[in-house]
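Accompanying notes for the structure given below.
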Amino acid sequence: MITLFGFITLTEVETFLIHAKASATKEHFEERGIVEQRIYRMVGENRVAIVNTYNTLEAAQRHKAILESPEIEAIMKPFGFQFPMNLWIAEFA
């Protein structure tokens with residue numbers, strides 16, 4: 001299993017959480033190769049950690065490339081995302 005960790009600073013965490021839960025559909029996950037997703041809110045901060053698990057490194061790399069694209073930045077800035085996001089891929093050692 002491969003994991004993509006994303007650490008994101010937001011202007012409004014609650015708005016993001018509502019959007020994230022609404023988009024967490026089976027179709028959304030299948031399209032991106034996500035097996036499991038967990039979202040953690042940083043205590044006392046306007047930051048979240050998103051942890052996605054994938055079956056393959058290629059799926060994680062594809063999703064990371066999408067998240068780092070200028071198109072995603074333009075879409076997500078109105079939702080309070082502050083860029084750049086801190087993204088990294090890891091595997092269980």
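Computed from a prediction, not measured in an experiment: that's the story for all the values here.
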Gap separating the OG1 atom of Thr53 from the CD1 atom of Ile34, nearest 0.5 angstrom: 9.5 Å
Transitive ILVMFWY side-chain link Ile39 to Val35, under 4.5 Å: no
Atom pair CG (Asn55) and CE (Met1), whose distance is rounded to the nearest 0.5 Å: 5.0 Å
Thr3 side chain reached by Val51 side chain, heavy atoms, under 4.5 Å: yes
ILVMFWY network linking Phe7 to Phe79, side-chain heavy atoms under 4.5 angstrom: no
Pair listing, salt bridge (charged side-chain N to carboxylate O under 4.0 Å, His left out) test, anchored in residues 64-90, at least two apart: Lys64-Glu68, Glu73-Lys77
Path from Tyr54 to Leu57 over hydrophobic side-chain contacts below 4.5 Å: yes
Verify same cluster id: Phe5, Ile2 (apolar side-chain graph, 4.5 Å): no
Sole candidate of Thr11, Leu10, Ile8 that passes side chain to side chain contact (heavy atoms under 4.5 Å, CB included) when paired with Gln82: Thr11
Side-chain ion pair, Arg32 and Glu27, N-O less than 4.0 Å: no
Distance (rounded to the nearest 0.5 Å) between Met42 CE and Thr9 OG1: 8.5 Å
Separation between CE of Met76 and OG of Ser69, rounded to the nearest 0.5 Å: 11.0 Å
Co-membership, hydrophobic cluster, residues Val48 and Ile18, 4.5 Å side-chain: no
Other residues, nucleotides, ligands: >12 heavy atoms within 6.0 Å of Glu91 CD: no
Separation between CD of Gln61 and CD1 of Ile66, rounded to the nearest 0.5 Å: 12.5 Å
Worked check of side-chain contact (heavy atoms from CB on, under 4.5 Å) between Arg38 and Tyr40: CA-CA 7 Å; Arg38 293 184 184 256; Tyr40 300 88; 3.3 Å; yes
Atom pair OG1/CZ of Thr15 and Phe81 - distance to nearest 0.5 Å: 11.0 Å
Leu67 to Ile72 - nearest heavy-atom pair and separation: O-CG2, 3.8 Å
